[in-house]
Amino acid sequence: MIDFTQPTPVLLSEERQITETRRELVLNMGPQHPSTHGVLRVRLTLEGEMVVACDPVIGYLHRGVEKLGESHRYAQIVPWTDRTDYVAAPSNNLGYVLAVEKLCGIEAPERAQYWRMIMAELARIASHLVWLGTHALDIGALSVSLYTFRDRELILDIFEKFCGARLTTNMMEIGGFSRQIPPALPEMVRDFCRYLPKAIREYEDLLTENPIWLARTKGVGIVEPEIAISYSLTGACLRGSGVNYDVRKAMPYLLYDRIDFAVPLGTHGDVYDRYLVRVEEMRQSIRIIEQCLDQVPADGPLMAYESNYVIPPHERVMTTAEDMQRHFIWVIKGFSPPKGEVYHAVEHSKGELGYYIVSDGSPIPYRMRIRSPDFVNLQSLPYMAQGAMLADVVALIGTIDIVLGSVDR
Amino acid sequence: MAIEVLIFYLLAGVAIAAAAGVVLARNPVHSAVSLVLSFVNVAAIYVMLRAEFLAVAQVIVYTGAIIVLVLFVLMLVQQQDLPEFHGGRPLRRAVGFLLGLVLLAEVAAAILTRSLRGAPGSWPPEAVAAVGGNIQAIGRELYSVYMLPIQATALLLLAATVGALFLARPELIEERLAVARRLFTISLAHPRGVDPLQPVAELPGPHDNERKPAGGDRVLVMARNAEEFTEQPAWGEIRR
Amino acid sequence: MDWEPLIVSYLFGFVLLNVLLLAMAYMTWLERRLVAFFQDRIGPNRTGPFGLLQPIADAVKLISKEDIVPANADRLVFLVAPLLSFVLAPLGALVVPFGDAVTVFGRQVNLYVIDINVAALYFLAVGSMGVYGIILGGYASGNRYSLLGALRSTAQVISYELVLGLSLVGIFILTGSLSLVDILRVQQRTLVLGGLELPNWFLLSQPLAFVLFLIAAVAETNRAPFDLPEAETELIAGYFTEYSGFRFSFYFLAEYINMIVVSLIAATLFLGGIDGPFVDGVWWLAVKAFIFLFFYVWLRATLPRFRYDQLMGLAWKVLLPLALINIGVTGLVRLWGIGAL
Amino acid sequence: MSELTTAHFLFLSAALFIIGMVGVLTRRNVLIIFMCVELMLNAVNVSFIGFAWEQNALTGQIFALFVIAVAAAEAVIGLGIVMALSRRLDTVDIDEVRQLRE
């Protein structure tokens with residue numbers, strides 16, 4: 001028998017011989033299951049409807065993004081990062097470009113930094129909306145998912161207006177943005193910020209005080225703060241347990257230290273607290289976006305063109321010889337950052353998203369590693385599922401907020 | 001009247017065939033389905049015998065509850081481990097069938113030579129119709145003459161319920177104890193926040209953190225900076 | 001033997017079955033339109049005006065699909081189970097009175113198929129038989145999700161059957177009869193309360209029983225938020241995961257016919273059935289049943305799903321004691337009313 | 001084919017009872033034995049109600065009602081024992097249960 005008081009009961013199928021006795025039923029949940037959010041496979045050992053052991057099996061969506069990073073030039077990797085967590089693509093772009101900028105010692109212009117913050121927060125809201133919809137759908141609330149996807153469309157419209165793509169945006173570049181901000185965009189974002197609080201209230205009307213929702217989420221999947229830290233959870237999974245750790249506050253990047261916002265912390269560490277935390281995070285994101293819109297300079301450069309690592313602007317290529325040469329080399333060969341290794345983390349909607357890059361001075365990274373938050377958060381599923389009911393497993397997968405593209409990379 | 005006899009033969013035939021199916025079917029689930037069929041046919045015969053209430057009670061209690069429970073248990077007990085009918089013991093089978101035939105012959109003889117008849121009862125069809133029907137008649141009889149037996153039955157059912165609870169309670173999965181009995185949030189950036197054993201010397205003022213009523217009885221702590229570390233009342237509740 | 005009433009009953013039953021099937025077909029259309037409305041969508045609107053031909057298109061699609069039997073299914077039971085479910089579903093409607101006797105071609109025809117003195121119990125009995133389709137289908141599929149769905153359904157139906165039955169006992173005490181025709185007649189009287197003339201509907205005298213009946217009926221028909229046996233997000237589709245084509249459609253038909261039958265029974269028992277202002281008639285029954293059906297759809301669009309243990313806890317710890325209290329209070333009031341207390 | 005007589009019902013009852021008895025004697029699965037016992041109880045009910053019909057009395061019906069109630073209680077306890085048995089001994093085979101006792 002497993003000692004459940006111990007904090008790390010990660011059960012790999014090799015470690016524990018799951019013998020199917022008369023009382024235990026091994027249920028293979030996924031990879032084609034409507035509520036495993038893609039192609040997660042969970043091997044459940046059930047007694048009646050009670051989960052005795054839970055064994056997540058991942059890798060069905062593995063595309064080797066990290067390995068692909070070792071064969072592409074630095075600027076070519078940005079689109080690959082879109083495809084890891086495709087629900088919040090700009091945040092992935094941000095993590096990668098910040099890591100490379102750190103490696104090269106570039107800093108994007110202030111205006112670009114503000115817009116990066118706006119886009120990252122919009123991506124956070126989009127991701128949380130998808131999470132809320134699917135989580136509610138898993139627990140059985142049918143309508144919420146349609147409302148959240150309806151409102152997510154507004155964010156995708158903003159992305160489309162800015163860069164032409166809706167899902168895999170590929171919007172950020174090393175050094176800033178090479179696109180111009182469309183003049184209508186700030187007003188579009190402001191409209192959205194005015195609209196969303198009403199929509200959030202609508203979701204909360206449906207869920208927050210709903211007795212069935214409370215019964216399904218309160219006291220389910222409790223993760224104590226020590227356990228959360230020992231599993232190295234991040235994001236809402238960690239903050240729902242009441243641990244104060246947010247990369248935006250702990251290791252501020254971009255201009256988050258100029259923004260006034262709060263990090264919501266849960267008090268019970270269950271599914272309901274993580275729900276409350278994420279809903280509150282959406283509101284805080286709106287505050288951040290509004291402050292950014294107030295503070296962002298109306299015009300100014302969006303790209304750190306003074307740096308040698310950045311492709312020169314079009315008009316200089318056409319007028320000066322050395323910029324034309326640089327442009328030629330940049331396009332043909334790529335740029336070569338200095339030797340060294342770098343790690344940079346951003347607060348992704350799911351937790352700490354880190355990019356670790358080793359450079360050997362060549363135009364392609366020697367090694368790229370992605371610390372994707374949901375991959376790490378998923379490891380807490382066996383702990384949370386011990387002794388839960390079958391229906392809870394669905395709620396727990398929902399509360400971890402995984403995107404399999406990011407888990408398997 | 002011949003039509004009634006025909007209907008009776010039809011119903012009785014199906015009931016007996018289904019009952020034979022209970023004994024002969026290899027798969028216990030098939031047995032249960034046969035039993036349901038048999039019971040429903042017997043219920044129909046009850047209707048012919050002016051016992052409508054009994055017919056409905058038969059369907060509700062036997063088919064609606066008892067056989068459903070049997071199926072429930074059958075599904076919990078896994079199929080491939082159930083003993084098969086044709087798994088040896090031919091002697092006992094032969095003896096069983098033989099005994100059955102002997103008994104049938106005896107009972108047939110008893111029925112055919114029956115001469116003893118009791119006194120007619122006090123509820124001819126007209127009397128039953130006069131109080132409103134079979135149910136009303138049974139109700140009157142049950143709650144006047146048979147008051148004591150029905151209370152005894154109630155006691156029996158209660159005792160059975162308690163007994164079943166006692167029998168069927170599964171050994172609970174070892175309850176995971178609440179590990180956290182402390183009253184803190186943890187801050188990874190706060191020197192004291194990661195060390196739960198230190199007593200709290202000073203608490204942040206109300207301006208540093210704001211508690212936000214979130215939903216129902218829950219509050220969210222709104223941390224303003226990474227060092228913040230607050231007292232929390234919630235940890236220490238045992239899960240579920 | 002007098003054959004005429006028997007033949008009339010069969011004819012009426014035949015007509016009723018067809019009406020039920022038609023109502024069921026348009027119930028699916030209505031549900032999809034209503035849920036779409038709740039969810040900010042449009043719903044089916046392409047097949048015919050307002051999508052009114054959608055049920056026909058669905059039926060054609062389902063019938064023309066392949067009927068797959070899984071390799072490790074219990075073949076016989078697998079094939080029979082959906083039929084069982086479907087056959088038992090409309091039986092409950094046989095005892096619903098659709099109106100007083102009318103004269104057709106010079107003959108008195110009663111607008112109900114049968115009036116038996118155990119009608120309410122008969123409805124419960126048919127309901128409890130209906131679960132066999134689910135259990136056997138889930139068992140025979142040879143699929144663990146289906147098996148779990150069947151197990152859930154078993155426990156759920158046994159528990160809620162009890163609540164459903166006990167919630168009606170108050171009405172039996174007040175009317176002294178289990179026949180739906182008698183119960184309807186009692187409700188057609190007028191209740192004078194102070195200066196107010198109210199219909200003597202049992203909704204007014206048995207409000208608690210009405211709520212209990214409503215909850216238990218939703219659970220009994222496996223609809224949201226009690227749709228655990230077929231919870232899509234947990235058990236994929238529960239007991240009918242492995243079914244396809246027209247066998248799947250039998251389950252589908254059975255579920256919707258069950259909803260309609262329960263709505264008809266609830267309208268008859270608690271809302272006075274055909275009784276209504278102006279002219280009594282079957283249209284009032286239809287209106288009341290529609291209210292229930294709308295309620296079903298509304299619940300489905302709004303509420304999350306219960307968990308298995310919470311569902312059982314609700315039945316045994318909340319609803320059952322309430323039903324017993326209701327019976328006790330009703331009994332005492334009745335005794336007091338006839339001066340026996 | 002003339003009229004229905006009590007003998008019809010008694011034969012039905014006897015047939016059901018004996019089939020149940022043969023089942024109890026020959027089958028090894030506890031659950032099937034349990035179902036056969038239910039069949040026997042049901043056979044007795046048929047007799048009771050048949051006699052009640054013959055004698056214009058309700059006593060038989062009421063006895064049958066009590067039998068149903070007792071059958072329900074028996075079902076609850078019996079299935080509880082079967083569950084405990086299958087849990088404890090991993091079998092529902094009546095012979096194995098007896099062998100384990102020895």
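In what follows, chains are A, B, ... by sequence order, proteins preceding strands, each numbered from 1. Treat the numbers as computed from the prediction; the structure is a model and nothing was measured.
In terms of heavy atoms, C:Tyr308 sits closest to A:Met389 at CD2-CE, 3.9 Å. The shortest non-hydrogen separation linking C:Tyr145 to A:Leu27 is CE2-CD2, 3.8 Å. Here the closest heavy-atom approach between residue C:Gln310 and residue A:Ala215 is recorded as NE2-O, 2.6 Å.
Atom CZ of C:Arg307 and atom CD1 of A:Ile212 lie 12.5 Å apart (nearest 0.5 Å). With values rounded to the nearest 0.5 angstrom, C:Asp309 atom CG is found 7.5 Å from A:Asp392 atom CG. In this structure, the separation between CG on C:Leu303 and CD1 on A:Ile139 is 13.0 Å, given to the nearest 0.5 Å. The CZ atom of C:Arg41 lies 5.5 Å from the CG atom of A:Leu146; values are rounded to the nearest 0.5 Å. For the atom pair OG1 (C:Thr302) and CG (A:Leu206), the distance works out to 7.0 Å, reported to the nearest 0.5 Å.
The shortest side-chain heavy-atom distance between C:Arg152 and A:Leu390 falls under the 4.5 Å cut-off.
For CG of A:Leu167, the number of neighbouring non-hydrogen atoms (other residues, nucleotides, ligands) closer than 6.0 Å is greater than 12. For CZ of C:Phe50, the number of neighbouring non-hydrogen atoms (other residues, nucleotides, ligands) closer than 6.0 Å is 12 at most. Atom CZ of C:Phe294 is surrounded by more than 12 heavy atoms from other residues, nucleotides or ligands within 6.0 Å. In C:Arg75, the CZ atom is not crowded: 12 or fewer heavy atoms of neighbouring residues, nucleotides or ligands sit closer than 6.0 Å.
A:Asn210 touches chain C through its side chain: at least one heavy atom from C-beta onward sits under 4.5 Å away, while N, CA, C and O do not. When heavy atoms are compared at a cutoff of 4.5 Å, A:Ala136 does not approach chain C at all. Residue A:Arg216 touches chain C through both its backbone and its side chain, counting heavy-atom pairs closer than 4.5 Å. Heavy-atom distances place both the backbone and the side chain of C:Arg300 under 4.5 Å from chain A.
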